[in-house]
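These notes are about the structure you will find just below.
Sequential numbering from 1 along the given sequence is applied to the chain's residues. Here the structure is a predicted model, which is why all the values come from computation and not from measurement.
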Amino acid sequence: MQRRIAVVAVFVMIALAACASPSKPSAGGATPTPSATSSPAPAVTPTAAPSPSMSMAVPSASPTVAPAPPTPKPAPPATSAKPISCTGKIAQTRPVASGTGPGGSLVSTGSPAVALTFDDGPDPINTPKILDELKQCGVKATFCVVGFRARDHPEMITRIAAEGHTLCNHSWQHLFDLAKRDDAYIRKDLENTNKMILRAAPGARVAYFRAPGGNFTTKLVRIASELGMKSIYWHVDPRDWESAKFGKGTAMVNHVIAAVERDVRPGSIVLSHDNGKPDTIVAYRTLLPWLKARYTLIALPDAPPPPPSPAPATPLP
């Protein structure tokens, strides 16, 4: 018994001695207490919170704020907002236009007046624009319209007639080889085109015909005449359709202006296009004042047709 007590006492003394000695790091990797010679930890500078303008998103428990509405874009400027001024007179001494077109078609008005003609419409975008320009300058013109487009845009035919312009038959679908078709086909083509024009403008009369591409033959001129229409060619052709050669935009506008001013004469019939040719419309903002100052501008006269030729007498049996 005494031996057990002595052993226990020895263990107690050893334990007390161990508690009094400095502690060492254990195998578990406990962090040692820094001594006085250890390097001080660097000071930590507080990081400012990102401003709302920063691109990095910061998760937040707050509700999502709706983005500000986008700034509305300014409306594009209205086209042709500035009216055209067509005033003043300038004397001209150029010779009068003369000659005859293919198949006996007309190239001049037969007077000192100049006729502006616009082909291939009506175009729901460009035709109203050229009509507005003509109205601002008090000018009448001639519109050679395609049959199926007259069918599709009757409101344009109605307006052309209501504003005092002359309507001209330009065939049903602008076939360049129309003259090569048989007589019955040609007659039906022209009749159907007139029918669509008169459906939209019942009080009008279609007194003129222009072959697609100007490809007249004596047969085509004859059939048009039998339907009460004179065949018109042109004296001035700025070739506003030839963008592969003359370019688009400003280049084409400048070309059309220069070509018409160079070639026009008293009595000229001037060819232009409203269908799909916005550069032509822009060019006429310059051409109309220039032309009106120098020439009388007319629509081709809507004269009654010549009396039909008498039918050949039927021989008696």
(message) Using 0.5 Å steps for rounding, measure from the OG1 atom of T286 to the CD atom of E261.
(response) 8.0 Å

(request) Measure the spacing between CG of L116 and CG of L288 and express it to the nearest 0.5 Å. (result) 6.5 Å

(request) Inspect the contact between E163 and K140 and indicate whether a charged nitrogen and a carboxylate oxygen are less than 4.0 angstrom apart. (result) no

(message) Quick check on R222: does its CZ atom have over 12 non-hydrogen neighbours (other residues, nucleotides or ligands) under 6.0 Å away?
(response) yes

(request) Can you sort out the partners of H174 under ring pair (Phe, Tyr, Trp, His ring centres under 6.0 Å), two or more places apart, ordered by chain and number? (result) H170, F176

(request) Classify the side-chain pair R210/T117 by whether it contains a donor and acceptor separated by less than 3.5 Å. (result) yes

(message) Taking disulfide (SG to SG under 2.5 Å) as the cut-off, I'd like each qualifying pair that reaches into residues 99-161, sequence neighbours left out, listed once.
(response) C86-C137

(request) Treating Ile, Leu, Val, Met, Phe, Trp and Tyr as nodes and any side-chain heavy-atom pair under 4.5 angstrom as an edge, say whether V282 and L271 lie in one connected cluster. (result) yes

(request) Measure the shortest side-chain to side-chain distance between V236 and W234 over non-hydrogen atoms and say whether it is less than 4.5 angstrom. (result) no

(request) State, with a plain yes or no, whether a side-chain heavy atom of H235 is found less than 4.5 Å away from one of S108. (result) no

(request) Give a yes-or-no answer on whether the side chains of D274 and T127 include a donor-acceptor pair shorter than 3.5 Å. (result) yes

(message) Do D119 and H273 pair up side chain to side chain, a donor and an acceptor below 3.5 Å, judged on atom types alone?
(response) no

(message) Are V206 and M156 connected into the same hydrophobic cluster when the rule is that any two of I, L, V, M, F, W, Y join if their side-chain heavy atoms are below 4.5 Å apart?
(response) no

(request) Kindly determine whether R94 and R294 satisfy side-chain contact (heavy atoms from CB on, under 4.5 Å), including the steps that lead there. (result) CA-CA 10 Å; R94 294 180 177 183; R294 292 162 174 80; over 6 Å; no

(request) Just do the side-chain contact (heavy atoms from CB on, under 4.5 Å) check on L131 and F143 with the steps written out, would you? (result) CA-CA 10 Å; L131 286 171; F143 288 83; 3.7 Å; yes

(request) Specify the closest pair of heavy atoms between A97 and G267, including all atoms of both residues, with the distance to one decimal. (result) CB-C, 4.0 Å

(request) Give the minimum heavy-atom separation between P266 and V114, together with the two atoms involved. (result) CA-CG2, 4.4 Å

(request) Identify, with sequence neighbours excluded, every residue that meets salt bridge (charged side-chain N to carboxylate O under 4.0 Å, His left out) alongside D152. (result) none

(request) Verify the cluster assignment for V107 and V96: are they in a single hydrophobic cluster under the rule of side-chain heavy atoms below 4.5 Å apart? (result) no

(request) Calculate, to the nearest 0.5 Å, the distance between atoms OG1 and CD1 belonging to T142 and I298 respectively. (result) 7.5 Å

(request) Write down the atom of T193, the atom of S171, and the distance for their closest heavy-atom approach. (result) OG1-C, 3.1 Å

(message) Is the shortest side-chain heavy-atom distance between L167 and I157 below 4.5 Å?
(response) yes

(message) Could you walk me through whether D279 and V256 satisfy the side-chain contact (heavy atoms from CB on, under 4.5 Å) test, starting with their C-alpha distance in whole Å, then the side-chain angles of each, then the deciding distance to 0.1 Å, before giving a yes or no?
(response) CA-CA 8 Å; D279 297 333; V256 171; over 6 Å; no

(request) State, yes or no, whether a side-chain contact exists between W172 and R151 at a heavy-atom distance under 4.5 Å. (result) yes

(request) Group every Ile, Leu, Val, Met, Phe, Trp and Tyr by side-chain heavy-atom contacts under 4.5 Å, then state whether V146 and W241 land in the same group. (result) no

(request) Would you mind reporting whether K230 and Y208 have side-chain heavy atoms less than 4.5 Å apart? (result) yes

(message) Would you say the ring centers of F118 and Y284 fall short of 6.0 Å from each other?
(response) yes

(request) For F246, check ring pair (Phe, Tyr, Trp, His ring centres under 6.0 Å) against everything at least two apart and list the hits. (result) H255

(request) Using atom types as modelled and distance alone, determine if a side-chain donor or acceptor of S268 lies under 3.5 Å from a backbone N or O of V264. (result) no

(request) Could you tell me whether the side chain of N169 and the main chain of L190 form a donor-acceptor pair under 3.5 Å? (result) yes

(message) With a 3.5 Å distance limit and no angle check, can you tell me whether T166 reaches the backbone of L300 through a side-chain donor-acceptor pair?
(response) yes

(request) Check for a donor-acceptor pair, side chain of K135 on one end and backbone N or O of I130 on the other, with a separation under 3.5 Å. (result) no

(request) Kindly state each residue pair satisfying ring-ring contact (aromatic ring centres under 6.0 Å, His included) with at least one member in residues 90-110, sequence neighbours excluded. (result) none

(request) Check for a donor-acceptor pair, side chain of D177 on one end and backbone N or O of K180 on the other, with a separation under 3.5 Å. (result) no

(message) For a quick test of reading the model, state the closest non-hydrogen atom pair linking Y295 to K89 and the distance between them.
(response) O-NZ, 4.4 Å

(request) May I ask you to say whether R159 pairs ionically with D132, meaning some side-chain N is under 4.0 Å from a carboxylate O? (result) yes

(request) Mark yes or no for whether T109, through its side chain, and A113, through its backbone, hold a donor-acceptor pair below 3.5 Å. (result) yes

(request) Tell me whether L198 is reachable from V145 by hopping between hydrophobic residues (I, L, V, M, F, W, Y) whose side-chain heavy atoms are closer than 4.5 Å. (result) yes

(request) Hey, could you give me the CG/CG distance between D263 and D237, rounded to the nearest 0.5 Å? (result) 9.0 Å

(message) Working to the nearest 0.5 angstrom, can you tell me the gap between L106 CG and I232 CD1?
(response) 8.0 Å

(message) I need the L178 CG to R181 CZ distance, nearest 0.5 Å.
(response) 7.5 Å

(message) My understanding is that only residues two or more places apart in sequence, or in another chain, count here; which of them pass side-chain contact (heavy atoms from CB on, under 4.5 Å) with A211?
(response) F209, F216, L220

(message) Check D183 with R187, please: is the shortest side-chain N to carboxylate O separation under 4.0 Å?
(response) no

(message) Can you confirm whether more than 12 heavy atoms, excluding those of K245, are under 6.0 Å from its NZ atom?
(response) no

(request) Using atom types as modelled and distance alone, determine if a side-chain donor or acceptor of K292 lies under 3.5 Å from a backbone N or O of V139. (result) no

(message) Looking at every heavy atom in both R149 and G121, which two are closest together, and how far apart are they?
(response) CB-O, 3.8 Å

(request) For residues P289 and I84, determine if any side-chain heavy atom of one lies less than 4.5 Å from a side-chain heavy atom of the other. (result) yes

(message) Please evaluate residues D123 and K277 with respect to the criterion side-chain contact (heavy atoms from CB on, under 4.5 Å), reporting the C-alpha separation (whole Å), side-chain torsions for both, the decisive distance (0.1 Å), and the verdict.
(response) CA-CA 9 Å; D123 180 322; K277 297 294 180 287; over 6 Å; no

